[in-house]
Amino acid sequence: DMARIKDWLDAIPSPYTRKTYKAGIKKFEEFYGKGIETLIGKSGEETGRIIEKFYVWLKEKGMDKTHAETQSVSARIPRCY
């Protein structure tokens, strides 16, 4: 659930990394229309397809490859659970 994701984010020592992940989660939720915690429990294959679509969406919005990849990493956080 979101509390576990928040705990995980809060444990990241680098404030810059934490800020980047939070921004990525916010972008992902804008794309997906649901909270990122909804990815918890989905199969790796299903999550991978969703994240790939997110990456394409970011690129279509004009984000460069490096930033799109960084933002996409944030959407992988629920796979930690």
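Residue numbers start at 1 and run along the sequence shown. None of the values given here were measured: they were computed from a predicted structure.
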Sorted by chain and number, sequence neighbours left out, salt bridge (charged side-chain N to carboxylate O under 4.0 Å, His left out) with E46 holds for K42
Those residues at least two apart in sequence (or on a different chain) that pass salt bridge (charged side-chain N to carboxylate O under 4.0 Å, His left out) with D10 are K6
Partner set under side chain to side chain donor-acceptor pair (under 3.5 Å) for S14, not counting sequence neighbours:
T17
Taking every heavy atom of K22 against every heavy atom of L9, the minimum-distance pair comes out as CG-CD1, 4.0 Å
E52: salt bridge (charged side-chain N to carboxylate O under 4.0 Å, His left out) partners, not counting sequence neighbours:
none
Donor-acceptor pair, side chain of T38 and main chain of G35, under 3.5 angstrom:
yes
Applying ring-ring contact (aromatic ring centres under 6.0 Å, His included), name anything that partners Y55, two or more places apart in sequence or on another chain.
none
Interatomic distance, OH@Y32 vs CG@L39, rounded to 0.5 Å, equals 5.5 Å
Are the side chains of W57 and E30 in contact, using a 4.5 Å heavy-atom criterion?
yes
To the nearest 0.5 angstrom, please state how far the NZ atom of K27 sits from the CZ atom of F54.
8.0 Å
Sorted by first residue and then second, give each side-chain hydrogen bond (donor to acceptor under 3.5 Å, both in side chains) pair with at least one member in residues 58-68; sequence neighbours left out.
D64-H67
Could you list the residues that satisfy salt bridge (charged side-chain N to carboxylate O under 4.0 Å, His left out) with K34, not counting sequence neighbours?
none
I51 and V56: same hydrophobic cluster, using ILVMFWY side-chain contacts below 4.5 Å?
no
Can you find a pair of side-chain heavy atoms, one from F31 and one from L58, that are under 4.5 Å apart?
no
Considering residues at least two apart in sequence or located in another chain, which fulfil the side chain to side chain donor-acceptor pair (under 3.5 Å) criterion with E45?
R49
Results of side chain to side chain donor-acceptor pair (under 3.5 Å) for R18 - residues two or more places apart only
none
